[in-house]
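All remarks here apply to the structure that follows.
Per chain, numbering begins at 1; letters A, B, ... match sequence-line order.
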Amino acid sequence: MTSRMDHFRQQVYYWVKKIPKGKVTSYGAIAKLAGFPRHARHVSKALGSAPDRKSLPWQRVIGADGKIAFHPDSDHYALQQTLLQKEGIRVINGKVDMKRFSWESPLQQSEHQTENNMRAEEFFR
DNA sequence: AACTTGACTTCAA
DNA sequence: ATTGAAGCCAAGT
């Protein structure tokens, strides 16, 4: 009876695969896209237990603050950093400049859209 | 059933 | 810019 979380995991994999090479996003953003807004912590679990790590760009998911979430002295940390750098993402002290490398997900785009609509409405008032 | 554990996030010092 | 506390929630003990 874990079909709920199974679905969650499918959604996570689906969206993580949509992150373009050279861009990153956060655990929280993926959780939201997956339809489970408060499950940021579970995104990491899903990635860690993914059946096909090969086809999953897990390295493009980092903390909302732009930092690699693994412990800095771990092998995972080192691997993620090199994988990111290998696709052109600059990592300074374990941190990525989100201003520059964060993926504009469809969700955020639509948020901008409504924001613009608000502006237009105000303009024509 | 109670308590702990994270590849998290947000907010307030 | 850092740090820490509080909130989060399924899984594992």
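Within 3.5 Å, a donor on the side chain of H42(A) pairs with an acceptor on the base of dC9(C), or the reverse. Looking at R41(A), its side chain comes within 3.5 Å of the base of dC8(B) through a donor and an acceptor atom.
The side chain of A69(A) approaches dC8(B) more closely than any other nucleotide in the set dT9(B), dC8(B), dC9(C). The side chain of S44(A) lies closest to dC8(B), out of dT10(B), dC9(C), dC8(B). Comparing dC9(C), dA10(C), dC8(B) against the side chain of A40(A) picks out dC8(B) as the nearest. Of all nucleotides listed (dT2(C), dC9(C), dA7(B)), dT2(C) comes nearest to the side chain of K95(A). Picking from dT9(B), dA11(C), dC9(C) the nucleotide with the shortest atom distance to the side chain of S26(A) gives dT9(B).
In this structure, Q80(A) atom CD and dC8(B) atom P are separated by 11 Å, rounded to whole Å. Between the CG atom of N93(A) and the C1' atom of dT2(C) there is a distance of 13 Å, given to the nearest Å. Taking atom CD1 of I30(A) as the reference point, atom P of dA7(B) lies 18 Å away to the nearest angstrom. Distance NZ (K67(A)) to C1' (dA1(C)): 10 Å, rounded to an integer number of Å. Between the NE2 atom of H39(A) and the P atom of dC8(C) there is a distance of 11 Å, rounded to whole Å. Between K45(A) atom NZ and dT9(B) atom C1' there is a gap of 15 Å when expressed in whole angstrom units. Whole-Å rounding puts the R9(A) CZ to dA11(C) C1' distance at 12 Å. When rounded to the nearest whole Å, the span between CG of L47(A) and C1' of dA10(C) equals 15 Å.
Side-chain atoms of S105(A) and L33(A), non-hydrogen and from C-beta on, do get closer than 4.5 Å to each other. Within the 4.5 Å cutoff, no side-chain heavy atoms of F70(A) are placed close to those of Q81(A).
Counted by atom type alone, K17(A) and Y13(A) present zero donor-acceptor pairs between their side chains at under 3.5 Å.
The phosphate of dA10(C) (OP1 or OP2) has a side-chain N or O of R4(A) nearer than 4.0 angstrom.
Remark: of the listed residues V24(A), V61(A), I19(A), I19(A) is the sole one forming a side chain to side chain contact (heavy atoms under 4.5 Å, CB included) with W103(A).
Note that the CZ atom of R60(A) and the CD atom of Q80(A) stand 11.5 Å from one another [nearest 0.5 Å].
Across all strands shown, dA7(B) remains unpaired; no Watson-Crick or G-U wobble contact has both distances below 3.5 Å.
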